[in-house]
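Heavy atoms only: backbone and side chains are in, while hydrogens, waters and symmetry mates are out. First the proteins, then the strands, lettered A, B, ... as listed; each starts at 1. What you see is a predicted model; the values in this text were computed from it and never measured.
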Amino acid sequence: MKILVVEDDAETAEWLRRGLSEAGHTVDHAADGRDGLFLASDGGYDVLVVDRMLPKLDGIGLVKALRAAGVKTPTLFLTARAGVGDRVEGLEAGADDYLGKPFAFAELLARLNALARRPPLSAEPTVLRVADLEMDLLKRSVTRGGQRIELQPREFRLLEFLMRREGQVVTRTMLLEGVWDFHFDPRTSVVETHISRLRAKLDQNGAAPLIHTLRGAGYVIRAP
Amino acid sequence: MGSSPGRKAFGRHEFWRTTAFKVTLIHILLTLLGTIVLSGIAWWATTRFALQQIAAEVERDTGVLLQSAQLGGPRSLALAIEARIAADPSGTQYFLLATANGTHLAGNLARAPRGPGWETLQLERPGPAPPGELLAFGTPLPGGAFLTVARDIAPVRALEATLLGAAGWVGGAALLLGLGGGVLLGRGATRRAAAMEAALARIEAGEMTHRLPLRGSGDDYDRLAARINATLDRLASLMTTLRQVTDDIAHDLRTPLNRLRQRLEAGLRSGDTQGASEAALAEADKLLDIFAALLRIAQVEAGARRAGFAPCDLSAIAESAAEVYAPAAEERGQALEVAIAPGITCQGDRELLTQALANLLDNAVKHGRQGGRIRLALDAGAITVADDGPGIPPEERELVLRRFYRRDAARSTPGNGLGLALVAAVAELHGMALRLEDNAPGLRVVLALPR
């Protein structure tokens, strides 16, 4: 992926550049909002990583200007201020995701991957498939190998969240936010417990496991 | 002493600059003005009345004399005049009967007025006595003669003098009394203000426990001093809390920082940098969690979040929280009983309410009895979270709401001692009353919804 990092703190910018490069991405860097806007509007980036507080033009202004100019590149806000109000303001300005500092690098990687591969809204599928697992979003039903699997509403949402991101790493925080709407860490094993229950329901009768745990990163659903 | 800079900044103590002095001065001036106006009115009214009296007597005498002239002619009039002069031993009545060309016919008055009607005449007295004044009334008689009746108005002048003297005495007395009273009252007030100022200067200099003196009379100075003392008490308690929070933060952050350091040091010594880094990372995450929680509490306490209040579906929040914690409760063999009335809403911050409820459930799961029961209830009046664990003794229920306060019994369980502090702050922000009660056995936390 081609990623533009707009970050004024040189050390953080270097850390991001190196980490993203090591993960196989091409990284450009802008140190202030105006340069960032200039580079981003030139286009060609798969995703933007924008610090909230920037000299010359702050992150909100940058994203607003981009969206006004019709540039729809997915954007992730990085910020030291991750209060509810700040997050809402950022999303309203046109950002697609929001990550509070400090964060784990794996979290950033997972979110950037999810952002870049977000399917266009017009092509919303009605059936999701991973190997022989099938989810019908209209009938709200799940089958594996033709066998119907009964899921609780929350389990259904959890599975849908994973299946929409087939092959991508989904972090614990992403699940808490996306499935439970919890924007803080409830410090319980709720995600783990729900995942293990879901696994038990999906992998009946010795079927090959579909949900995999990536230690220190999160979960991924993919064909065995 | 440290009090001098404070004193210098507000100027020296000079009586003429005090409020008491100014009030006294204004008071005296007003008293004097009042005396002058009152005396003036009295003087004017009294003199006018006395002169009217004299004029009435003159008119009456004139009438009587004219009557005798009508009855007996000029001769009888002259006789009547002489008789009246003889009958007036005090010598204040004056008469003159003269012909048209001024020839004196009868009477004790040297000069006639210039014409008919009222006139004031000068009266030359024999000897060193000062000249007097006469109020005279001239009447032309048929046949060309001219009758003048006059009275000495010395009594009126004497009355005036007496009045003036009296006014002087009254004014002088008012001045003296006002001055004396003003100084007395003023010195009392000034002394008390000075005492308050001195006490405040000592507090300013650092004697934080010193308070303003009270007399116990309940007057305005006492009430002011009591109010200032109450304000100082409140500030002192806030300062104590702040200091304690700062101490707690410093202390409670030192422990995980120290662990972080130990992990890194052990890693360097043993060469297991991979393991040490992972352990250090976990410690750093814990520290960051603490910071996030502290910041959030501070943010909630500052009240800034109130601006973002919106209608919240409490029932949905409670359902969601119950679902999140159900697995954790199950893991500890606890039964989570849920009794949530549908459709309960309130004005608030959904995320904070969620987190407060999550913290309560987290506590119930962690500190409740293993294999016990946890109850989450929501109705129109309150949110209740109850467990059947060891509970919290009454004397500690206030303390557990403080930042970093961890009961000895809770030290073995994971946690940073900030959960209930956040719940308390969120409750306060939403106008909810937070109560910790005995669930016999266990702890019952009640968040009473605002009416």
Side-chain angles (χ1 to χ4, degrees), chain A residues 15 19 78-92 98-108 151-158 171-173 175-201 215-218, chain B residues 277-278 281-282 284-289 291-293 295-296 298-300 302 304-310 313 316-317 319-332 336 348-366 413-416 418-419 422:
Chain A
W15 180 67
L78 285 185
T79 179
R81 302 170 14 159
V84 183
D86 302 306
R87 195 169 58 235
V88 170
E89 197 189 357
L91 297 180
E92 274 174 358
Y98 206 99
L99 188 55
K101 288 178 186 174
F103 51 84
F105 204 82
E107 183 77 41
L108 176 70
L151 293 182
Q152 303 284 331
R154 193 75 66 168
E155 288 167 343
F156 189 92
R157 272 177 71 182
L158 175 59
T171 65
R172 192 168 166 272
T173 322
L175 287 172
L176 280 170
E177 286 180 14
V179 179
W180 284 273
D181 205 7
F182 265 45
H183 294 269
F184 59 94
D185 188 346
R187 281 189 245 107
T188 77
S189 51
V190 56
V191 175
E192 294 77 355
T193 315
H194 272 83
I195 289 277
S196 79
R197 281 189 188 175
L198 192 56
R199 272 181 179 142
K201 287 192 177 178
R215 196 165 161 264
Chain B
S277 297
E278 276 174 18
L281 211 54
D285 281 344
K286 244 184 254 173
L287 266 167
L288 288 167
D289 270 354
F291 269 113
L295 281 173
R296 187 154 268 225
Q299 200 189 11
V300 173
R305 299 282 287 256
R306 205 172 277 133
F309 271 19
D313 186 344
I317 290 173
E319 294 278 4
S320 176
E323 199 202 280
V324 166
Y325 283 92
E330 207 168 285
E331 248 169 46
R332 293 202 72 212
L336 178 59
D349 184 321
R350 196 183 58 81
E351 195 174 320
L352 289 179
L353 289 169
T354 308
Q355 189 166 3
L357 199 48
N359 286 4
L360 291 179
L361 285 170
D362 190 46
N363 280 345
V365 169
K366 276 195 286 203
T413 54
N416 54 22
L418 294 170
L422 182 83

* Asked: So with a 6.0 Å cut-off around CZ of B:F291, is the heavy-atom count from everything else above 12?
  -> no
* Is there side-chain contact between A:E192 and A:R172, with heavy atoms separated by less than 4.5 Å? -> yes
* Is it the backbone or the side chain of B:Y325 that comes under 4.5 Å from a heavy atom of chain A, or both, or neither? -> side chain
* To do: Calculate, to the nearest 0.5 Å, the distance between atoms CZ and CG belonging to B:R296 and B:L418 respectively.
  => 12.5 Å
* Asked: Are A:R197 and A:Q152 close enough that a side-chain donor and a side-chain acceptor fall under 3.5 Å?
  -> no
* Asked: Between B:P327, B:A328, B:A292, which has the largest tally of heavy atom pairs under 4.5 Å with chain A?
  -> B:P327
* Structure fact -> Ranked by heavy-atom pairs below 4.5 Å to chain B, first place among A:V191, A:L176, A:D181 goes to A:D181
